[in-house]
Each structure stands twice: as structure tokens, then as C-alpha cells.
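One structure is given here, and the rest of the page talks about it.
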Amino acid sequence: MIRCSEASLAVGEPLAGTAVDSVRTWFLLELNHVWARKAIETEAIGGAVRRQLEAWLGAVDGSRLQLIRRPGRPSRRPTFTVVDAVSKRLSRVELDDPQDLAALDIQSLLADGSPMTQSMALVCVHGRRDRCCAEHGSAVFRAMARRDVDVWQTSHLGGHRFAACALWLPDGLMFGRLRAEHVDAFVDAHRARALGELDLFRGRCAYDRPTQAAEIFLRRRERDLAIDSLAWRSTALAGDSSWRVRFAAGENEHEVDVVREASDAVRPASCGGEPEPVSWFIEGS
């Protein structure tokens, strides 16, 4: 059976506008256990902490939970980290046990964050969710660890068919179809505050998906790879499946028309799934 990542490549599915969307706050729970297929259902979390996490996710608009781990750290106290991708601030506490989360005040953690001066990378290796993530993600994680990057393995980042998937924080930049041979250029670009290969860039997670795609189309048009060069201004619905997105670059204003286009192609969204119709974003005329 063809794997979902191979099927997505075979039909030419583009990555623009496929990142998880409208996420501005990231909850990162270090958990050196086997993760359940749905991360929050992992047995080691326990019912009380699960309910606490679900309450936080409901109370903090635009938040998302990721389980993280780093091989070689099992004897250390696990951490719970909150990253605000808008203010680029981080709060981190050490736990004696995951059950200690029940005593934390999430609003205090959000308010007391410190400027995040060093980027961290998360690479999805969540094999219980999809085998493509385990295979491709593990190889990318090992290659990034050799580059002295603050890199962590993480649970499902969305889009198994785009494995290996990686996320840079605090910027909230999501990439896909990474392979070990891409890692040197990928890391070097980020250290230079650049996006690198745009064909691997899925989008900026703080944006909705049409806006993610618009940013990528504009960068291709302007040949602009600098992470911080564009400021989003607005996204307006222009039709049933079309949007007009405005960005500023310094004193210049740019408009991008984005259209969601249906195709005749089909592919499974994950390994073992049934083939599904594919649609994607294109730049309007």
C-alpha cells in the first residue's frame, strides 16, 4: 500500500497554506512515555490533568498542546513550557510529575513570560498517529540534533502526508517534506532569519490558511525570504473560495488574491486512509 506522503507527492499536492492555523499560544508538555494516538489521551497524563489541559485549551484562544521529548533526558524533571508566538515570550516550569500541572495558574504563566531569544524546533515523530511521521521525522530529528539546535521530538503537528513536519518557535513557522539532507540548509537559513526553500514552507501558524498561502505567494513574487520582512494587514473574503490579503513591507503595501481550487486528484490524508479529493490554494489573477 502506498504511504500517504508518497501519494501526496505523486499528485503534486503543494504545501502553501497547509500549516495548522490560527495558533498563537503553544503548550509544550515534556512526557517521556509512549504517546497515545491522540496525544492528550496518553495514559501518563491522567484524568485530572487531561481535564485541566482541555480547560486551558478552551480558555486560551488560539492555543494548541504538543507533547515533547528529547531522548537522553529521561532522568531529568519534565518541563511544561508556554510559548506566545505573537509576543515571542516563553514561560517554563519544571515538574516533579505531570500531575503537578493541576496546581499551575495558566494566566500567570502567560503574563510572566520572558523574551524568547533562542529558537526551538519541534519535529513530529508521532508514529502511533502515522508511520510516515515516525520514519521521516526521526531521521530529520537526528540530523538537527547534530547541528546543535534546541530540537525536540513532538506529537502530531498536522498533515502526516507532508512528513517530515517541523515547527520553529517562537515564530510559529511550519515546514513539511523535510528530509535529513535538507537539514543543513534548513538550519542555516533559520539562523540567518530566512525561510529557506519556500517549496518546503507550509505557512505561519498564527495566520489562517488563505493568509498562509498568500504570504508564500507574495514571497515568491518578490523573492523575499526574510522571516520578519512582511507585516500582515488584512484578509477579506472575496468570493465563495477566494480571498484578498494585504501585507506591508516597510513603506510598501502588497495585495495578494488567493483562490482555493479543486482538482481531479485523490490521495489518502494519512496512511491506511481512504483516498480523498484534493484541493489547494493558487494565486488569483
- Message: Let me confirm one number: the CG-CG distance from Leu90 to Leu109, rounded to the nearest 0.5 Å.
- Response: 10.0 Å
- Query: In Å and rounded to the nearest 0.5 Å, what is the CD to CG distance from Gln66 to Leu31?
  - Reply: 13.0 Å
- Smallest separation among heavy atoms of Trp280 and Gly12, with atom names: CZ3-O, 4.2 Å
- Relative to each other, are the rings of Phe175 and Phe201 parallel, tilted or perpendicular (30° and 60° limits)? tilted
- Just by modelled atom types, is the Ala265 backbone N or O under 3.5 Å from a matching donor or acceptor in the Ser263 side chain? yes
- Please determine if Arg37 and Glu41 form a salt bridge, counting it only when a charged side-chain N lies under 4.0 Å from a carboxylate O. no
- Query: Do you know which two heavy atoms are closest between Ala19 and Gly203, and how far apart they sit?
  - Reply: CB-O, 3.8 Å
- Task: Check step by step if side chain to side chain contact (heavy atoms under 4.5 Å, CB included) holds for Arg161 and Glu13.
- Result: CA-CA 10 Å; Arg161 63 192 182 278; Glu13 187 175 9; 3.1 Å; yes
- Which residue, Val82, Leu57, Val23, forms the side chain to side chain contact (heavy atoms under 4.5 Å, CB included) with Ser63? Leu57
- Task: Salt-bridge test for Asp184 and Arg147: reply yes if a basic N is under 4.0 Å from a carboxylate O, no otherwise.
- Result: yes
- Item | Taking every non-hydrogen atom, the tightest pair across Gly113 and Ser91 | CA-OG, 3.1 Å
- Distance (rounded to the nearest 0.5 Å) between Leu198 CG and Arg223 CZ: 12.0 Å
- Message: Let me confirm one number: the CG-SG distance from Leu178 to Cys124, rounded to the nearest 0.5 Å.
- Response: 12.0 Å
- Item | Aromatic contact, Trp56 with Phe80 (centres under 6.0 Å) | yes
- Message: With heavy-atom distances below 4.5 Å as the criterion, would you say the side chains of Gln107 and Asp112 are in contact?
- Response: no
- In terms of ring plane angle, is the pair Tyr207 and Trp232 parallel, tilted or perpendicular, where the classes change at 30° and 60°? tilted
- Pair Asp21 + Arg64: basic N to acidic O under 4.0 Å: no
- Task: For Ser242 and Val259, work out which heavy atoms get closest and say how close.
- Result: CB-CG2, 4.1 Å
- Task: Any chance you could measure Ser138, atom OG, to His126, atom NE2, to the nearest 0.5 Å?
- Result: 12.0 Å
- Check whether any side-chain heavy atom of Gln212 lies under 4.5 Å from a side-chain heavy atom of Arg202, and answer yes or no. no
- Task: With Arg69 as the cation and Trp35 as the aromatic partner, state whether NZ or CZ is under 6.0 Å from the six-membered ring centre and within 45° of the axis.
- Result: yes
- Query: Under 3.5 Å, is there a donor-acceptor pair linking the side chains of Gln52 and Arg50?
  - Reply: no
- Message: If you define the side chain from C-beta out and look only at heavy atoms, does anything of Val140 sit under 4.5 Å from Arg142?
- Response: no
- With the threshold set at 4.0 Å, does a side-chain nitrogen-carboxylate oxygen contact exist between Arg77 and Asp100? no
- Query: Do the side chains of Val60 and Leu53 join up, straight or via other hydrophobic residues, at under 4.5 Å, putting them in one cluster?
  - Reply: yes
- Query: Between Arg177 and Asp199, is there a salt bridge with N-O shorter than 4.0 Å?
  - Reply: no
- Passes side chain to side chain contact (heavy atoms under 4.5 Å, CB included), Val256 versus Arg221? Steps please. CA-CA 10 Å; Val256 185; Arg221 185 201 305 169; 3.8 Å; yes
- Looking at side-chain heavy atoms only, is the closest gap between Leu195 and Ile227 below 4.5 Å? yes
- Message: Contact between Glu261 and Ser279 at the side-chain level, heavy atoms closer than 4.5 Å - yes or no?
- Response: no
- Message: Could you see if Val123 belongs to whatever hydrophobic cluster contains Leu169? Use Ile, Leu, Val, Met, Phe, Trp, Tyr and a side-chain cutoff under 4.5 Å.
- Response: no
- Do His190 and Ser119 have a side chain donor and acceptor closer than 3.5 Å? yes
- Message: Strictly below 4.0 Å, N to O, side chains only: are Arg70 and Glu30 in salt-bridge contact?
- Response: no
- Message: Could you walk me through whether Ser229 and Asp224 satisfy the side chain to side chain donor-acceptor pair (under 3.5 Å) test, starting with their C-alpha distance in whole Å, then the side-chain angles of each, then the deciding distance to 0.1 Å, before giving a yes or no?
- Response: CA-CA 8 Å; Ser229 60; Asp224 180 357; 2.7 Å; yes
- Message: Any side-chain to backbone donor/acceptor pair from Asp171 onto Leu173? Under 3.5 Å, distance only.
- Response: no
- Query: Does the pair Phe281 and Arg209 meet the rule for a side chain to side chain contact (heavy atoms under 4.5 Å, CB included), with working shown?
  - Reply: CA-CA 9 Å; Phe281 294 111; Arg209 286 179 174 159; 3.9 Å; yes
- Is the number of heavy atoms from other residues, nucleotides or ligands under 6.0 Å of Asp105 CG greater than 12? yes
- Task: Kindly indicate whether the side chain of Val83, heavy atoms from C-beta on, has any atom under 4.5 Å from the side chain of Thr25.
- Result: no
- Note on the structure: Distance col, row Arg51:CZ vs Ile45:CD1, nearest 0.5 angstrom, shows 12.5 Å
- Message: Please find the pair of heavy atoms, one from Gly159 and one from Cys165, that lie closest to each other, and give the distance.
- Response: O-SG, 3.4 Å
- Around atom CG of Asn252, are there more than 12 heavy atoms of other residues, nucleotides or ligands at under 6.0 Å? yes
- Task: Find out if a path of hydrophobic residues (ILVMFWY) with successive side-chain heavy-atom gaps under 4.5 Å connects Leu157 to Leu28.
- Result: yes
- Query: Same cluster for Met144 and Leu122 if Ile/Leu/Val/Met/Phe/Trp/Tyr side chains link at under 4.5 Å?
  - Reply: no
- Item | Any side-chain donor near an acceptor of the partner, Thr79 and Glu94, under 3.5 Å | no
- Message: Could you go through Val93 and Leu95, starting from their C-alpha distance and side-chain angles, then the distance that decides it, and tell me whether this counts as side chain to side chain contact (heavy atoms under 4.5 Å, CB included)?
- Response: CA-CA 7 Å; Val93 295; Leu95 309 170; 4.1 Å; yes
- So, Arg24 and Asp84, do they make that salt bridge, N to O below 4.0 Å? no
- Minimum heavy-atom distance Ala180-Ala139, with the two atoms named: CB-O, 4.1 Å
- Query: Is Phe162 isolated, or which residues cluster with it under the ILVMFWY side-chain rule of less than 4.5 Å, directly or via members?
  - Reply: Leu15
- Flag the pair Trp26 / Cys205 as yes when at least one side-chain heavy-atom distance between them is below 4.5 Å, and no otherwise. yes
- Message: Looking at Asp240, I want to see if its CG is surrounded by more than 12 non-hydrogen atoms of other residues, nucleotides or ligands under 6.0 Å.
- Response: no
- Query: How about Arg179 and His136: do any of their side-chain heavy atoms sit closer than 4.5 Å?
  - Reply: yes
- Message: Regarding Arg246 and Glu253, does a basic nitrogen lie under 4.0 Å from an acidic carboxylate oxygen?
- Response: no
- Task: Flag yes if Trp168 and Leu225 sit in one hydrophobic cluster, no otherwise; membership is Ile, Leu, Val, Met, Phe, Trp, Tyr, and two members link when side-chain heavy atoms are under 4.5 Å apart.
- Result: yes
